[in-house]
Amino acid sequence: MTEALWKAPTAVGPLDARVRVPGSKSLSNRYLILAAMGRRPVRIGGLLRSRDTDLMIGALRELGVTCHEGEDPTRVMIIPPAGGVFRGGGTVTCGLAGTVMRFVPALAMLADGPTRFDGDLQAYARPMAPLLSGLEQLGARVEYLSREGRLPFIIHPPQRLGGGEVTIDSSASSQFISGLLLLASRLGAPVTIHHQGENLPSLPHIRMTVHDLTLAGVRVEVDEEAHSWMVDGTGASEDVDEPDGRPDGVGPQLPDTVQVEPDLSNAAPFLGAALIASGRVGIPDWPESTTQPGGLLPSYLTRMGGEVAFTRDDRGHTCLTVTGSGKVCPLGGFDLSQAGEIVPSIAAILVFADGPSRLRGIGHLRGHETNRLKALVTEINRVGGRAREMADGIEIEPVPPDRLHPAVMKTYADHRMATFAAMLGLAIPGVQVEDIGTTAKTLPDFPDMWADMVATGD
Ligand SMILES: O=C(O)C1=C[C@@H](OP(=O)(O)O)[C@@H](O)[C@H](O)C1
Ligand SMILES: C=C(OP(=O)(O)O)C(=O)O
């Protein structure tokens with residue numbers, strides 16, 4: 001069945017919206033994994049419910065973890081399997097979720113039998129080899145069912161788990177380091193993970209993993225300059241008295257209740273809308289401090305001409321409001337390696353800038369949900385903009401506004417290409433978008449949330 005095209009709403013006047021965004025995908029899926037690796041049940045509040053988090057919950061259940069869901073789907077209770085041993089013999093369905101395909105193998109290493117990993121056809125193109133090499137260095141055997149280094153595959157866990165040194169090239173995704181860090185916290189001895197390679201993208205996401213492990217009592221010594229992380233999960237859960245057959249104190253233990261922050265990367269299209277359409281957009285519950293790369297948005301949006309204000313509501317919570325004048329400043333040469341996942345939103349804003357921008361340090365976006373550099377260039381040129389691929393990024397040049405014209409925009413099964421297209425539609429009347437439903441990967445309510453925001457400009 002082909003889904004109807006979605007007519008992107010055009011802003012007819014300055015916006016004046018407040019948009020509440022649901023929980024962070026990255027934090028939700030880290031808390032789910034860490035809760036499953038602990039000894040005691042953990043309640044998670046503010047959990048994102050979307051395709052990627054549902055796939056994670058499905059993966060945990062497949063591996064023998066109990067996930068209790070109540071009336072409010074954003075609150076779940078995770079109960080680890082008895083003895084900390086996961087149930088092997090099943091298949092984990094990864095969809096197109098990087099966090100599932102790169103983090104759940106950690107649990108498969110702690111299972112009582114082999115686990116098969118499969119996913120969407122498009123997921124077969126996403127890089128996996130460095131993570132799997134890391135698991136092999138820790139004693140696993142990986143059986144490839146199609147192409148070497150790609151999904152689908154079977155992980156045969158080692159007979160005996162131990163610590164040691166692991167060296168991988170994590171240039172293609174920070175998630176390889178994060179996946180190994182998560183696993184290392186459950187091994188009975190310290191593990192040092194080294195990155196050896198040209199680039200290390202998305203450092204904030206690696207810091208997020210370290211932060212969450214620390215929250216779970218795990219000791220991590222980081223040397224970012226040397227690209228090495230020492231993880232010691234022994235003694236992490238010492239205060240937990242449930243004996244479960246594991247050596248005392250080994251493994252992460254999150255607090256009994258954790259709360260997920262709003263997804264700041266999913267706030268990006270809405271905040272960017274204030275720059276494209278003019279007017280103001282506020283995001284309530286903006287965290288005071290965060291490990292999310294979206295924490296960099298206020299400074300990026302200011303550089304692009306937005307006015308940024310933090311205000312407090314009567315509950316003492318912070319709201320971030322961005323106001324745009326209709327004029328967008330270019331970024332010039334700009335390194336976005338720290339925040340690759342917000343590149344599509346930044347690129348959409350820059351289509352309307354009055355000068356050129358060269359976004360660098362993002363070659364790894366070729367291995368995201370789709371080849372995002374190619375997709376962004378194709379779609380910008382499709383509506384009459386001017387963009388080209390560079391070795392490690394894209395260049396976007398200004399065009400007179402009357403050169404921009406409507407088109408049917410493709411989304412490549414990529415949620416962020418869909419929100420990117422919606423952003424262009426704010427200022428290019430007549431844009432239509434294929435498969436807007438792909439936003440369900442991380443933001444199932446996107447079409448309604450977007451329409452409500454644009455309606456404030458009527
Ligand atoms: O660890 C995470 O939660 C993520 C890390 C980043 O991956 P890459 O380093 O592959 O870009 C990011 O783009 C992705 O959306 C989420
Ligand atoms: C790259 C992304 O996702 P994933 O977690 O699937 O890698 C993203 O959400 O932009």
Side-chain angles (χ1 to χ4, degrees), residues 21 23-34 48 50-56 59 94-104 106 119-120 122-131 151 168-182 195 197 199-213 260-261 263-269 290-294 296 336-347 361-373 375-376 392-393 411-420 438-443 446:
V21 290
S24 151
K25 165 198 76 175
S26 292
L27 287 170
S28 294
N29 279 356
R30 279 170 175 74
Y31 287 163
L32 286 168
I33 289 265
L34 282 167
L48 171 68
S50 72
R51 184 171 189 229
D52 277 15
T53 52
D54 288 351
L55 285 163
M56 182 61 89
C94 303
L96 191 49
T99 47
V100 178
M101 65 183 88
R102 276 83 176 250
F103 297 173
V104 179
D120 295 356
Q122 215 159 302
Y124 292 9
R126 298 195 72 177
M128 285 298 307
L131 171 77
L151 280 165
I168 61 161
D169 179 354
S170 209
S171 304
S173 173
S174 64
Q175 291 173 341
F176 305 145
I177 298 284
S178 286
L180 291 171
L181 287 168
L182 291 166
H195 157 70
N199 314 300
L200 185 57
S202 319
L203 257 179
H205 275 117
I206 296 178
R207 293 183 189 136
M208 178 188 285
T209 309
V210 170
H211 179 271
D212 295 350
L213 284 168
V260 178
E261 296 169 6
D263 194 310
L264 307 186
S265 295
N266 271 339
T290 183
T291 50
Q292 294 185 62
L296 296 163
L336 269 170
S337 56
Q338 302 233 12
E341 72 178 6
I342 55 180
V343 165
S345 301
I346 303 287
I362 49 171
H364 69 291
L365 265 63
R366 293 192 171 92
H368 274 185
E369 282 80 337
T370 186
N371 176 341
R372 278 191 180 151
L373 300 189
L376 286 168
D392 73 337
T411 50
Y412 310 89
D414 184 350
H415 54 146
R416 300 206 200 272
M417 288 308 297
T419 52
F420 161 85
T438 193
T439 50
K441 185 173 190 285
T442 56
L443 197 53
F446 175 77

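All values below were derived from every heavy atom in this structure, side-chain atoms included, with hydrogens, water molecules and symmetry-related copies excluded. Counting starts at 1 for both ligands and their atoms, in listed order.
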Atoms of ligand 1 less than 4.0 Å from Ser173 heavy atoms?
8 (P), 9 (O), 10 (O)
Could you find the nearest protein heavy atom to atom 3 (O) of ligand 1 and give me its residue, atom name and distance?
Ser26 OG, 2.6 Å
Identify the closest protein heavy atom to atom 6 (C) of ligand 1: which residue and atom is it, and at what distance?
His205 ND1, 3.4 Å
Give me the residue, atom name and distance of the protein heavy atom closest to atom 5 (O) of ligand 2.
Lys25 NZ, 2.8 Å
Does only the side chain of Thr442 get under 4.0 Å from ligand 2, or the backbone, or both, or neither? Count heavy atoms.
neither
Stepwise, does the salt bridge (Lys or Arg N to Asp or Glu O under 4.0 Å) test hold for Lys441 with Asp120?
CA-CA 12 Å; Lys441 185 173 190 285; Asp120 295 356; over 6 Å; no
Counting only nitrogen or oxygen atoms and a 3.5 angstrom limit, does Asp52 reach ligand 2?
no
Please say whether Ser178 places an N or O atom under 3.5 Å from an N or O atom belonging to ligand 1.
no
Taking all non-hydrogen atoms of both residues, which atom of Leu151 and which atom of Cys94 are closest, and how far apart?
CD2-SG, 4.4 Å
Stepwise side-chain contact (heavy atoms from CB on, under 4.5 Å) check, Met417 with Leu376
CA-CA 8 Å; Met417 288 308 297; Leu376 286 168; 3.6 Å; yes
What is the distance from atom CD1 of Ile168 to atom CG of Leu180, rounded to the nearest 0.5 Å?
5.0 Å
Please test Ile177 against His195 for side-chain contact (heavy atoms from CB on, under 4.5 Å), starting from the C-alpha separation and ending with a verdict.
CA-CA 8 Å; Ile177 298 284; His195 157 70; 4.0 Å; yes
Look at atom 11 (O) of ligand 1 and find which of Glu341, His368, Gln175 reaches it with the closest heavy atom.
His368
Ligand 2 atoms in contact with Leu96 (distance to a heavy atom under 4.0 Å):
6 (O)
If you look at every heavy atom in Ala413 and Leu96, which pair is closest and at what distance?
O-CD2, 3.6 Å
One should read off an interatomic distance between Asn29 CG and Leu48 CG, to the nearest 0.5 angstrom, of 8.0 Å
Determine whether Leu373 and Ile362 satisfy the following criterion, side-chain contact (heavy atoms from CB on, under 4.5 Å), listing intermediate values before the conclusion.
CA-CA 8 Å; Leu373 300 189; Ile362 49 171; 4.0 Å; yes
Looking only at heavy atoms, is any part of Met417 under 4.0 Å from ligand 2, and if so is it the side chain, the backbone, or both, or is it neither?
neither
What protein heavy atom sits nearest atom 10 (O) of ligand 2, and how far away is it?
Arg416 NE, 2.6 Å
Taking only heavy atoms of Phe103 into account, list the atoms of ligand 1 that are under 4.0 Å away from them.
1 (O)
Under 3.5 Å, N or O to N or O, is Ala97 touching ligand 2 that way?
no
What are the atoms of ligand 2, with element, lying closer than 4.0 Å to any heavy atom of His368?
1 (C)
Residue Arg372 vicinity, atoms of ligand 2 by number, heavy atom under 4.0 Å:
1 (C), 8 (C), 10 (O)
Answer with yes or no whether the side chains of Arg30 and Thr209 bring together a donor and an acceptor at under 3.5 Å.
yes
Nearest-neighbour protein heavy atom for atom 8 (P) of ligand 1, which is reported as residue plus atom name and distance
Ser202 OG, 3.5 Å
Non-hydrogen atoms of His205 and Pro293 that approach each other most closely:
CE1-CG, 3.3 Å
Within 4.0 Å of some non-hydrogen atom of Thr99, the atoms of ligand 1 are 3 (O)
Looking at ligand 2, would Asp414 count as a contact under a 4.0 Å heavy-atom criterion?
no
Please identify which atoms of ligand 2 are closer than 4.0 Å to at least one heavy atom of Gln175.
4 (P), 5 (O), 7 (O)
Once you restrict to heavy atoms under 4.0 Å, what part of Arg126 touches ligand 2? Side chain, backbone, both or neither.
side chain
Result for side chain to side chain donor-acceptor pair (under 3.5 Å) between Glu341 and one of Ser26, Ser202, Ser265 points to Ser265
What closest approach, in Å, do Pro201 and Ser174 show between heavy atoms, and which atom pair accounts for it?
O-CB, 3.2 Å
Minimum-distance protein heavy atom relative to atom 2 (C) of ligand 2
Glu369 OE2, 3.0 Å
Could you pull out the closest heavy-atom pair between Gly367 and Arg126, with the gap in Å?
O-NE, 3.2 Å
In ligand 1, the atoms that come under 4.0 Å of a heavy atom of His364 are 11 (O)
Closer than 4.0 Å to some heavy atom of Lys441 - which atoms of ligand 2 meet that?
3 (O), 4 (P), 6 (O)
Full working for side-chain contact (heavy atoms from CB on, under 4.5 Å) between Gln175 and Phe103
CA-CA 8 Å; Gln175 291 173 341; Phe103 297 173; 4.1 Å; yes
List every atom of ligand 2 that sits less than 4.0 Å from any heavy atom of His415, numbering the atoms from 1 in the order shown and giving each element.
8 (C), 9 (O), 10 (O)
Would you tell me which option among Lys25, Arg30, Gln338, Met208 has the nearest heavy-atom contact to atom 1 (O) of ligand 1?
Arg30
Does either side chain, that of Asp169 or that of Ser171, offer a donor lying less than 3.5 Å from an acceptor on the other one?
yes
